[in-house]
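Note on naming: letters A, B, ... go to the chains in the order of the sequence lines (proteins, then strands), and numbering restarts at 1 for each one. This structure is a prediction, so every number in the text was calculated from the model and none was measured.
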Amino acid sequence: GESVGLHLPTLSVQEGDNSIINCAYSNSASDYFIWYKQESGKGPQFIIDIRSNMDKRQGQRVTVLLNKTVKHLSLQIAATQPGDSAVYFCAEKLGGGADGLTFGKGTHLIIQP
Amino acid sequence: EPEVTQTPSHQVTQMGQEVILRCVPISNHLYFYWYRQILGQKVEFLVSFYNNEISEKSEIFDDQFSVERPDGSNFTLKIRSTKLEDSAMYFCASSQSSYSNQPQHFGDGTRLSIL
């Protein structure tokens with residue numbers, strides 16, 4: 001089975017509202033997590049990352065929360081804007097070295113005016 | 001801001017032909033990756049490359065695939081004898097380090113269409 005997955009395929013929010021995108025992972029050995037944003041026709045764009053020794057990290061308008069007890073990761077976007085419309089992927093990295101990322105299926109965030 | 005660039009943006013190839021996808025990673029990055037994304041699906045890891053050799057590869061990366069860093073700036077993915085199921089977006093990524101706090105940065109991909 002997949003080690004990283006998302007709860008909802010589509011999330012629709014009103015412009016200006018906050019949005020929360022969730023992600024579940026199954027491998028407790030993962031020690032690094034990243035959120036990517038993918039717009040149509042483009043590659044994944046790095047948003048924010050977090051290591052397993054942290055439970056919260058904040059960026060500009062975004063916050064990532066990590067709950068290792070239940071293996072859950074979330075991305076909070078404050079005051080959503082039309083430009084936030086995209087597919088959001090969480091990804092995990094297993095162990096050290098040049099390991100590849102394991103991506104979840106993605107959540108499509110739709111911002112309604 | 002430096003970025004990963006990939007060429008071509010779209011490649012159409014007959015089944016059975018060889019194809020080479022090209023990438024220019026961010027200049028001070030040392031680790032290079034290839035991923036693919038079949039339409040509507042998640043991004044899948046293919047291979048990582050460091051110090052002129054493959055570091056890790058997934059089960060997708062079989063003998064028909066190879067990677068090369070032919071010079072100081074390019075990183076290529078070659079697919080020999082392409083199959084219909086190789087049709088996908090192929091993304092190149094690079095990172096400054098393999099340590100956990102160094103994110104991988106992606107290019108905008110090459111859309112590979114096998115006819």
Side-chain angles (χ1 to χ4, degrees), chain A residues 1-7 9-10 23-25 27 29-54 57 59-60 62 64 66 68 75 86-108, chain B residues 1-6 9-10 23 25-26 29-61 67 75 88-111:
Chain A
E2 297 174 357
S3 64
V4 179
L6 296 171
H7 293 304
T10 302
C23 176
Y25 67 95
N27 195 326
S30 295
D31 74 341
Y32 180 54
F33 305 89
I34 309 179
W35 280 101
Y36 284 96
K37 172 187 180 183
Q38 188 176 28
E39 296 174 287
S40 181
K42 298 222 175 240
Q45 177 189 355
F46 170 77
I47 302 174
I48 192 167
D49 57 1
I50 190 167
R51 296 189 67 180
S52 59
N53 62 353
M54 303 171 69
R57 192 161 188 225
Q60 186 177 17
V62 294
V64 55
L66 175 63
K68 294 180 287 294
L75 176 70
V87 177
Y88 289 81
F89 293 94
C90 64
E92 66 177 309
K93 187 167 181 282
L94 304 174
D99 292 348
L101 298 169
T102 299
F103 280 79
K105 287 183 179 175
T107 292
H108 187 192
Chain B
E1 185 175 324
E3 57 184 24
V4 176
T5 57
Q6 292 186 243
S9 58
H10 191 189
C23 169
I26 295 172
H29 285 187
L30 301 176
Y31 292 82
F32 314 117
Y33 310 83
W34 283 102
Y35 292 80
R36 78 172 185 192
Q37 185 178 31
I38 295 171
L39 184 63
Q41 299 187 24
K42 61 182 181 177
V43 178
E44 300 174 290
F45 168 70
L46 293 177
V47 66
S48 60
F49 191 86
Y50 168 71
N51 199 26
N52 284 319
E53 62 183 22
I54 290 174
S55 295
E56 300 285 344
K57 60 182 181 179
S58 72
E59 59 186 22
I60 302 170
F61 193 87
V67 290
F75 179 51
M89 286 290 292
Y90 287 81
F91 293 106
C92 173
S94 68
S95 65
Q96 196 168 31
S97 166
S98 69
Y99 295 114
S100 294
N101 61 350
Q102 297 295 327
Q104 296 176 23
H105 295 272
F106 285 73
D108 283 338
T110 293
R111 179 174 299 282

Self-check item: Structural part of B:Q37 lying under 4.5 Å from a heavy atom of chain A
Solution: side chain
Exercise. Answer with yes or no after comparing the ring centroid distance for B:Y50 and B:Y31 against a 6.0 Å cut-off, counting only values under it.
Key: yes
Exercise. Might you work through the side chain to side chain donor-acceptor pair (under 3.5 Å) test for B:Q104 and B:Y35, ending with a clear yes or no?
Key: CA-CA 11 Å; B:Q104 296 176 23; B:Y35 292 80; 2.6 Å; yes
Quiz item: Hey, what's the ring geometry for B:F106 with B:F91, parallel, tilted or perpendicular (30° and 60° as the breaks)?
Solution: perpendicular
Exercise. Check each atom of A:Q38 against the heavy atoms of chain B and say whether the ones under 4.5 Å are side chain, backbone, both or neither.
Key: side chain
Quiz item: Does a donor on one side chain and an acceptor on the other come within less than 3.5 Å for A:T102 and A:Y25?
Solution: no
Quiz item: In terms of heavy-atom proximity below 4.5 Å to chain B, should A:L101 be classed as side chain, backbone, both, or neither?
Solution: both
Quiz prompt | Under 4.5 Å from any heavy atom of chain B - which part of A:F33 | solution = neither
